[in-house]
Amino acid sequence: MLQIYNSLNRTKEPFKPITPGKVGLYVCGMTVYDYCHLGHARVMIVFDIVYRYLKNLGYKVTYVRNITDIDDKIIKRANKLGEPFTMVTERFIQALHEDSRTLGILTPDQEPKATEYIPQILDMIQSLIQRGHAYVAANGDVCYSVPSFPKYGQLSGKSLEDLKVGHRVEPDATKKYPFDFVLWKAAKPEEPAWDSPWGAGRPGWHIECSAMSTHCLGNHFDIHGGGADLQFPHHENEIAQSEGAYGNTFVNVWMHNGFVQIDSEKMSKSLGNFFTIREILEHYRPEEIRYFVLTSHYRSPLNYSNSQLENAKAALTRFYTALRGLDLTQVPNLDNQTQLADTTNRVIEDFRTRFHSAMADDFNTPIALAVLFDVARELNRIRNIDLNQARALGSELKQLGSILGLLQDDPEAYLQGTAITNNLTDAKILELIDQRTTARKTKNWAEADRIRDMLKNQGIVLEDNADGTSWRRL
RNA sequence: GGCUGGGUAGCAAAUUGGUUAUGCAUCGGCCUGCAAAGCCGCAGAGACCGGUUCGAUUCCGGUCCCAGCCUCCA
């Protein structure tokens with residue numbers, strides 16, 4: 001039984017979908033005014049895993065990840081560049097899609113954009129005004145009246161009293177109450193704007209997610225996710241808006257992933273201490289980034305460092321080395337064979353059970369990965385005894401890896417894969433290996449070692465084994 | 001100041017009231033012409049102080065430290 005940690009109650013709960021067999025999953029995606037950084041990569045990867053695992057359990061999942069394509073920061077950026085804001089958003093949406101594809105993120109079923117949901121946003125605001133949850137402020141903005149929603153603060157564990165004593169709230173004369181937030185922002189001259197019953201303007205930051213999620217998944221759906229920094233105020237406000245407008249429970253399970261940190265500090269735009277996905281891809285491969293993200297539980301902090309990425313690289317090399325040379329096109333059936341095969345079947349069953357109980361326990365990927373290492377060890381152990389059983393284990397390793405979006409490359413291609421810094425061509429390497437093989441036949445060890453050392457200096461590692469010499473790039 | 005969460009071996013990172021986490025690094029062995037890879041094994045832990053318990057890294061209390069949210073943020 002899948003257990004998910006629900007931010008709403010701060011406990012793990014058994015997951016029960018609203019409609020048996022189906023799951024509605026909404027994740028707050030990106031505001032597109034710049035390239036995605038590693039923190040965005042973490043959200044994409046974490047919820048990619050949630051999506052994959054739910055599907056693996058047999059659920060019919062509707063995964064919605066929105067794009068916020070109108071917002072103050074976008075306008076600011078467009079003004080700075082002297083471009084229409086749509087040019088900025090189009091460019092970064094394209095970049096987002098490229099990064100997402102590179103990282104092997106499954107495409108969400110729907111990817112709504114805020115600017116395409118203006119009518120639905122206006123409807124929702126209208127409904128909130130009618131129900132006494134919103135008002136038009138003196139400056140023309142439409143604001144949500146936080147005191148009109150008694151449950152406010154439930155998600156973030158804050159009471160209005162707590163917020164009052166919090167000394168970071170700055171009073172705003174246009175609002176009736178300090179924590180009221182803007183639903184519709186009256187446009188200043190030259191700003192992008194849409195017509196509304198309250199004059200030209202644009203949506204506030206939180207309303208678009210309420211409108212889009214409701215429109216795509218209904219006004220009550222299963223899982224809503226995003227980065228931990230969205231828990232308050234963004235998600236808290238979404239609840240106030242949606243439940244205020246429709247009067248029923250909005251979302252059953254709220255999931256929040258932890259931050260990427262650097263030097264024990266949150267990686268963020270405002271601190272300026274971020275690496276974009278593109279920058280990291282100059283030095284590391286996509287699968288290394290994915291592995292790195294999965295080494296830590298999704299709710300824990302993830303500390304970025306090169307040594308962590310190096311560790312990911314070493315781990316993947318170990319996995320692909322284990323899979324190397326195994327023909328997995330036809331998986332052997334080990335049923336009712338020898339006692340050894342029988343044992344292997346039970347071992348495989350045991351690995352599978354452990355992997356799934358790890359994943360079912362709030363998506364515990366570090367343990368799931370530990371199981372994969374155990375599979376790899378068993379595979380390496382058995383491969384010299386019985387190749388068929390090694391293949392069965394290899395097939396299991398690859399299959400479990402697919403649930404994490406890992407290990408789907410051809411092992412040989414991965415291990416010999418394009419090095420980031422270009423060095424020798426494959427043909428040249430093979431030529432040198434030939435020369436070395438000749439030298440070895442005449443026991444000319446000095447020459448053999450010279451070639452091996454020379455290749456090693458160029459980042460090529462040679463490994464002699466029974467059927468010849470294999471090589472890989474470091 | 002209010003509210004969360006956390007402090008685990010050289011590094012990273014999980015689980016668990018008593019039994020090997022796992023990966024990398026280190027050490028010993030097997031294998032190898034020598035290596036590498038692989039396998040076997042050793043070693044190494046639970047911030048600090050109390051309490052509960054036959055027994056605590058795990059539960060409870062306190063102290064210290066760290067991160068996050070309370071403002072835009074994934």
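Throughout, protein chains are lettered first and strands after them, A, B, ... in sequence-line order, and every chain is numbered starting at 1. Just the heavy atoms: all of them, side chains too, but no hydrogens, waters or symmetry mates, feed the values below.
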Just checking A/Gly258: base, sugar-phosphate only, or nothing, at a heavy-atom cut-off of under 4.0 Å? base
inquiry  = Does A/Arg436 reach a base, just sugar-phosphate, or nothing at all? Heavy atoms under 4.0 Å.
reply    = base
*asked:* Distance check, P atoms only: B/U8 and B/C59, in whole angstrom units.
replied: 15 Å
For a quick check, tell me whether the side chain of A/Arg42 and the base of B/A74 share a donor-acceptor pair closer than 3.5 Å. no
Looking at A/Arg52 and A/Asp48, is there a salt bridge between them, counting it only when a charged N and a carboxylate O are closer than 4.0 Å? yes
Requested in this report: Look at all strands and tell whether A/Met267 reaches a base, only sugar-phosphate, or nothing, counting heavy atoms closer than 4.0 Å.
Outcome: base
Smallest heavy-atom separation, A/Leu2 atom then A/Met359 atom, equals CD1-O, 4.0 Å
ask   = Is there a donor and acceptor pair closer than 3.5 Å between the side chain of A/Asp229 and the base of B/C70?
value = no
Determine the contact category for A/Gln261: base if any of its heavy atoms lies under 4.0 Å from a base atom, sugar-phosphate if only primed atoms, P, OP1 or OP2 are that close, otherwise nothing.
sugar-phosphate
In whole angstroms, the gap separating C1' of B/A74 from CD1 of A/Ile289 amounts to 16 Å
Mind checking A/Lys266 for me? I need base, sugar-phosphate or nothing, with any heavy atom below 4.0 Å counting as a touch. base
(request) Report which part of the nucleic acid A/Gly39 touches: base, sugar-phosphate, or nothing (heavy-atom distance under 4.0 Å, all strands). (result) base
Which of B/C34, B/A21, B/A14 is nearest the side chain of A/Asp449? It is B/C34
For a quick check of understanding: with a heavy-atom distance under 4.0 Å over all strands, which category does A/Thr295 fall into, base, sugar-phosphate or nothing? sugar-phosphate
Taking for A/Leu462 and for A/Asp71 the nucleotide of RNA chain B with the nearest heavy atom, the one nearer the 5' end belongs to A/Leu462
Touch class at under 4.0 angstrom, heavy-atom based, for A/Val371 against every strand present
nothing
Checking N1-N3 plus N6-O4 or O6-N4 for Watson-Crick, or N1-O2 and O6-N3 for wobble, each under 3.5 Å, the partner of B/C30 is B/G38
Taking any heavy-atom pair under 4.0 Å as a contact, classify A/Lys456: base, sugar-phosphate, or nothing. nothing
Per-nucleotide protein contact along nucleotides 38-47 of chain B, 5' to 3', at a 4.0 Å heavy-atom cut-off (B base, S sugar-phosphate only, - neither), is SSS-------
- Is there a donor and acceptor pair closer than 3.5 Å between the side chain of A/Lys158 and the base of B/C69? yes
NA contact type, A/Gln308, heavy-atom cut-off 4.0 Å: base, sugar-phosphate, or nothing?
sugar-phosphate
Stacking between B/A67 and A/Phe259, yes or no? Criterion: centroid separation under 5.5 angstrom, plane angle under 30 degrees. no
_Under a 3.5 Å threshold, yes or no: a donor from one side chain and an acceptor from the other, between A/Gln416 and A/Glu412?_
yes
| query | Looking across every strand, which nucleic acid part, if any, lies under 4.0 Å from A/Ser300 by heavy atom: base, sugar-phosphate, or nothing? | reply | sugar-phosphate
Exercise. How is A/His297 classified with respect to the nucleic acid when contacts are heavy atoms under 4.0 Å: base, sugar-phosphate, or nothing?
Worked result: sugar-phosphate
